[in-house]
Amino acid sequence: MMTLEEFLTEWNDGNERLLVHTSGSTGQPKPLWVEKVRMLASARMTCDFLGLKNGDTALLCMPLDYIAGKMMVVRSLDRGLKLINVEPSGHPLKAIPFCSNGEGKIIDFAAMVPLQVWNSLQVAAEREELRQVRHLLIGGGAIDKRMAEALHDFPYAVWSSYGMTETLSHIALRRLNGPESSEWYTPLPGVNVSLGEEGCLMIEAPLVCAERLVTNDLAEIRETHSSGSSSVEFRILGRRDNVVCTGGVKIQTEEVERKLADHISVPFLITKRRDEKFGEVVVMLYEGSNDESLRAICQQVLPKYEQPRQFISVIHLPLTETGKPARKEAERIAEGK
């Protein structure tokens, strides 16, 4: 795992580009060379949007091997933020011995994956520290309804981010708490979005990405009007490559997961396997041993064509190093490989 000192050496080595790797949520991690000047542009977009200023504190609690961790350092360097560096773990706030600097908060800006936030919510002391973060940014995976509800009354801003390695971290944010909470993402200034022929999101962000990026994310776009001006917002429906085509019916795995989230207490995810009769069938991976109760819940909640044909118990769900569901690994497990 890359250390902060190693990243700073690489950042200051005089080269115009540096090597990053994609997270591997839908396949094998891929190497990608990115321009440092574009990373700086991305950092400024975020800091300007959130109003971060010199002297504010920022928490680095994600691996520096990936873009999310690298960008926290770049934002701190460019804006003069005071960086609090803790070892990446499932409980990042556990390593911080105090939660107040006399003004009611110690961390002005923190970025975490959903797993880190969920773990922190389960421990009273860590939950209180989490509540004191002035801007809590959650990215790298879906935020389920229960987590969103647990965050809704937080006194400071909690954000869900949308982005990827190719866009040098996030290019859009949405509020998760307070009266401004929304399912719709607002693109950062300088970012334009549209839909491709298959309904997938397309991103034009010339400051951070030289070419228009066509994603695999199925999306919906709407135009909003306020104070005489108009803007575009979007929400993500699921990934094109997370579709199960069973008996001619297309099923979005994330949509099935959303329907079940309020009814199932154990960790689970929906995947697929090949089938001679139907082409593909829905499969559930879950942590635990009681598949009969899960089967009964699915029969009550889901239409028949969305119900899993197979339930596979695993010790731990397959996740990437950044805490996202490892969808390709889940498919391999479902196929018995």
Side-chain angles (χ1 to χ4, degrees), residues 22-30 140-145 162 164 166 183 194-203 213-221 234-264 266-320 322-337:
T22 60
S23 65
S25 58
T26 59
Q28 290 297 317
K30 297 179 294 185
I143 299 169
D144 67 23
K145 185 177 179 181
Y162 176 84
M164 57 205 70
E166 292 83 352
E183 294 182 352
S194 58
L195 295 182
E197 292 182 1
E198 297 184 56
C200 289
L201 191 72
M202 297 192 299
I203 301 169
L213 181 64
V214 181
T215 75
N216 281 323
D217 292 318
L218 300 169
E220 181 180 353
I221 287 179
F234 67 91
R235 63 178 177 178
I236 301 300
L237 306 177
R239 288 187 64 88
R240 179 178 59 182
D241 44 5
N242 290 341
V243 172
V244 183
C245 188
T246 179
V249 179
K250 292 184 177 180
I251 298 168
Q252 192 73 47
T253 59
E254 295 100 329
E255 181 61 26
V256 177
E257 289 170 350
R258 280 192 287 268
K259 290 180 180 180
L260 293 172
D262 289 340
H263 306 276
I264 295 178
V266 299
F268 76 96
L269 64 80
I270 297 297
T271 185
K272 63 185 177 182
R273 65 168 172 79
R274 289 169 291 181
D275 183 80
E276 182 177 345
K277 179 179 179 180
F278 294 98
E280 295 175 333
V281 293
V282 179
V283 177
M284 176 185 286
L285 304 187
Y286 67 97
E287 296 181 13
S289 58
N290 191 352
D291 67 323
E292 288 305 317
S293 64
L294 295 175
R295 191 182 302 273
I297 291 171
C298 290
Q299 290 173 349
Q300 293 171 3
V301 174
L302 302 173
K304 188 171 183 179
Y305 60 88
E306 290 184 353
Q307 295 173 17
R309 297 267 176 170
Q310 185 178 4
F311 296 80
I312 301 176
S313 174
V314 295
I315 297 175
H316 297 293
L317 294 179
L319 300 174
T320 68
T322 54
K324 299 179 184 178
R327 298 285 181 180
K328 290 299 181 183
E329 178 61 23
E331 288 183 27
R332 283 193 285 270
I333 294 173
E335 294 283 358
K337 297 180 180 179

message: Run Val281 and Arg273 through side chain to side chain contact (heavy atoms under 4.5 Å, CB included) and show every step you take.
response: CA-CA 6 Å; Val281 293; Arg273 65 168 172 79; 3.7 Å; yes
message: Run the side chain to side chain contact (heavy atoms under 4.5 Å, CB included) test on Met284 and Ile264 for me, step by step, so that the C-alpha distance in whole Å, both residues' side-chain angles and the decisive distance to 0.1 Å come before the verdict.
response: CA-CA 12 Å; Met284 176 185 286; Ile264 295 178; 3.8 Å; yes
message: Under the criterion salt bridge (Lys or Arg N to Asp or Glu O under 4.0 Å), I'd like the reasoning laid out for Lys277 against Asp275: C-alpha separation, chi angles, the key distance, then a yes or no.
response: CA-CA 6 Å; Lys277 179 179 179 180; Asp275 183 80; over 6 Å; no
Verdict with supporting geometry, Leu294 and Tyr286, side chain to side chain contact (heavy atoms under 4.5 Å, CB included): CA-CA 9 Å; Leu294 295 175; Tyr286 67 97; 3.4 Å; yes
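Looking at Gln310, its side chain never comes within 3.5 Å of a backbone N or O of Val282 through a donor-acceptor pair. Put simply, the side chain of Glu335 gets close to the backbone of Arg274: a donor and an acceptor are under 3.5 Å apart. Side-chain N or O atoms of Glu257 include one that pairs as donor or acceptor with a backbone N or O of Ile270 at under 3.5 Å. The closest donor-acceptor contact from the side chain of Gln252 to the backbone of Arg239 lies under 3.5 Å. Between the Ser313 side chain and the Gly288 main chain, a donor and an acceptor come within less than 3.5 Å of each other. Using modelled atom types, one side-chain atom of Gln307 and one backbone atom of Leu302 make a donor-acceptor pair closer than 3.5 Å. Lys259 places no side-chain N or O within donor-acceptor distance of the main-chain N or O of Val301, the cut-off being under 3.5 Å. Checking side-chain atoms of Thr246 against main-chain N and O of Glu280 turns up a donor-acceptor pair under 3.5 Å.
Residues Phe268 and Leu285 are not in side-chain contact: their nearest non-hydrogen atoms beyond the backbone lie 4.5 Å or more apart. Between Val283 and Pro308 the shortest side-chain heavy-atom distance does not fall below 4.5 Å. Considering only heavy atoms from C-beta on, Lys250 stays 4.5 Å or farther from Val244 through its side chain. Asp241 places none of its side-chain heavy atoms less than 4.5 Å from the side chain of Val243. At least one side-chain heavy atom of Tyr162 sits less than 4.5 Å from a side-chain heavy atom of Ile236. Using a 4.5 Å cut-off on side-chain heavy atoms (C-beta onward), Leu201 and Ile221 make contact. Contact check for Met202 versus Leu213: no side-chain heavy atoms found under the 4.5 Å cut-off. Proximity of Leu195 to Cys200: side-chain heavy atoms (C-beta onward) are nowhere separated by under 4.5 Å.
Separating the CZ atom in Arg295 from the CD atom in Gln300 is a distance of 13.5 Å, to the nearest 0.5 Å. Interatomic distance, CD of Glu220 versus CZ of Arg235, reported as 4.0 Å (0.5 Å rounding). Taken to the nearest 0.5 Å, the CG atom of Asn290 stands 8.5 Å off from the CD1 atom of Ile297. Rounding to the nearest 0.5 Å gives a distance of 10.0 Å between CD of Glu329 and OG1 of Thr271. The CZ atom of Phe311 sits 14.0 Å away from the OG atom of Ser289 when rounded to the nearest 0.5 Å. Annotation: the span from Ile251 atom CD1 to Thr253 atom OG1 amounts to 10.0 Å, rounded to 0.5 Å.
Minimum interatomic distance between Asp217 and Thr215 (heavy atoms only, all atoms of both residues): N-OG1, 3.1 Å. Of all the heavy atoms in Ile312 and Ala334, the pair that sits closest is CD1-CA, 3.8 Å.
Heavy atoms from other residues, nucleotides or ligands lying under 6.0 Å from CD of Gln299 number more than 12.
Side-chain contact annotation: Asn242 with Glu254, donor-acceptor N/O pair under 3.5 Å present.
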